[in-house]
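Notes follow once the structure below has been shown.
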Amino acid sequence: MNVIMLGAPGSGKGTQAERITEKYNIPHISTGDIFRENIKNGTELGKQAKAYMDKGELVPDEFVCDLVLDRIHQADCANGYVLDGFPRTLPQADIFDKALKDAGEKIDVAIFMNLSNEYLVQRMEGRRVCPKCGAGYHTTNMPPKVQGICDECGSELIQRKDDNIETFKNRLEVYDKETAPLVPHYEAQGIVVTIDGKKGLEPCWQDIVTALTKFE
Ligand code: AMP
């Protein structure tokens with residue numbers, strides 16, 4: 001099962017992608033996580049990506065597409081994958097569509113987490129992440145068992161550097177301009193399932209499970 005998660009920053013797509021990974025045993029591929037890992041490890045890619053990420057801007061398409069195409073053809077993706085944060089622009093989607101077609105592959109479903117910008121700003125303020133293992137939390141919607149501490153590995157939780165109000169607003173603007181057009185792009189392929197993000201974590205998850213049942 002090949003899945004794409006669509007939705008603005010803070011719409012819950014990373015959290016839901018993680019659940020899909022657990023339920024279906026297919027890897028969660030987050031391009032944002034790949035870049036953050038590269039920044040942490042001080043790689044050349046990380047150095048290039050950091051300048052864009054810190055401002056809430058997109059990393060240029062040429063840094064992203066080959067990286068994802070390599071990743072989805074690794075052995076652990078044999079039964080499928082969940083892409084989170086890619087494609088992010090229409091040119092990325094066009095390159096990706098063509099590469100899949102050439103390889104005789106396809107995306108089965110694009111899950112669109114639909115949420116208004118006002119809601120997204122509120123949500124962003126409570127987002128926390130573990131800098132060590134990458135687990136995500138929310139101070140009110142999904143708090144850790146002990147405040148400020150990762151349930152998985154015991155590290156102190158942080159706010160992502162690009163989760164400050166100014167950078168976040170820029171990320172939303174970039175989303176509206178560059179990424180939102182992917183929804184009609186994949187609707188034209190008949191593969192979009194729209195999830196009402198306001199419903200909250202559990203009801204959204206139930207809607208996603210229902211939508212994915214037919215691909216099991
Ligand atoms: P995310 O964790 O998906 O919110 O991504 C964090 C940041 O990584 C974004 O604001 C971009 O700077 C960069 N990024 C992640 N995925 C992509 C992509 N597909 N294309 C361009 N930039 C990306």
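Order of listing sets the numbers, starting from 1, for every ligand and every atom in it. Bear in mind the structure is a predicted one, so any value in this text is a computation, not a measurement. Atoms considered below: every heavy atom in the structure, side chains included; atoms not considered: hydrogens, waters and symmetry mates.
- Here the side chain of T43 pairs no donor or acceptor atom with the backbone of I39 at under 3.5 angstrom.
- Listed by number with element, the atoms of ligand 1 under 4.0 Å from a non-hydrogen atom of T31 are 15 (C), 16 (N), 17 (C), 19 (N).
- Annotation: V64 places no N or O atom under 3.5 Å from an N or O atom of ligand 1; distance criterion only.
- In terms of polar-atom proximity, defined here as any N/O pair under 3.5 Å, S30 makes no such contact with ligand 1.
- No side-chain heavy atom of R171 sits under 4.5 Å from any side-chain heavy atom of K55.
- Contact annotation for R171 and ligand 1: only side-chain heavy atoms (C-beta onward) come within less than 4.0 Å of the ligand.
- Shown here is N25, whose CG atom has no more than 12 heavy atoms of other residues, nucleotides or ligands within 6.0 Å.
- Nearest protein neighbour of atom 8 (O) of ligand 1, counting heavy atoms only, is M53 CE, 3.4 Å.
- Taking only nitrogen or oxygen atoms, main chain and side chain alike, Q92 reaches within less than 3.5 Å of ligand 1.
- Separation of the F215 and Y24 ring centroids does not fall under the 6.0 Å cut-off.
- With D163 contributing its side chain and Q159 its backbone, the two residues share no donor-acceptor pair below 3.5 Å.
- The one candidate from K23, Q16, R19 that meets the side chain to side chain contact (heavy atoms under 4.5 Å, CB included) condition with I208 is Q16.
- When non-hydrogen atoms are compared, ligand 1 lies under 4.0 Å from the side chain of R160 (C-beta onward) but not from its backbone.
- Counting only heavy atoms of the protein, atom 11 (C) of ligand 1 lies nearest to E57 O, 3.5 Å.
- Scanning all protein heavy atoms for the shortest distance to atom 23 (C) of ligand 1 gives F35 CE1, 3.8 Å.
- To the nearest 0.5 Å, the span separating NZ on K98 from CG on L100 amounts to 11.0 Å.
- Looking only at protein heavy atoms, the nearest one to atom 5 (O) of ligand 1 is R88 NH2, 3.3 Å.
- The shortest distance between side-chain heavy atoms of N114 and I195 does not fall below 4.5 Å.
- In this pair, F63 and Y52 present their aromatic rings tilted. The plane angle is within the 30 to 60° band.
- Of all atoms in ligand 1, numbered sequentially from 1 with element shown, those under 4.0 Å from a heavy atom of L58 are 12 (O), 21 (C), 22 (N).
- For ligand 1, the polar-atom distance check finds an N/O of R36 within less than 3.5 Å of one of the ligand's N/O atoms.
- Protein heavy atom at the shortest distance from atom 19 (N) of ligand 1 is G85 O, 2.8 Å.
- Of the protein's non-hydrogen atoms, the one nearest atom 22 (N) of ligand 1 is V59 N, 3.0 Å.
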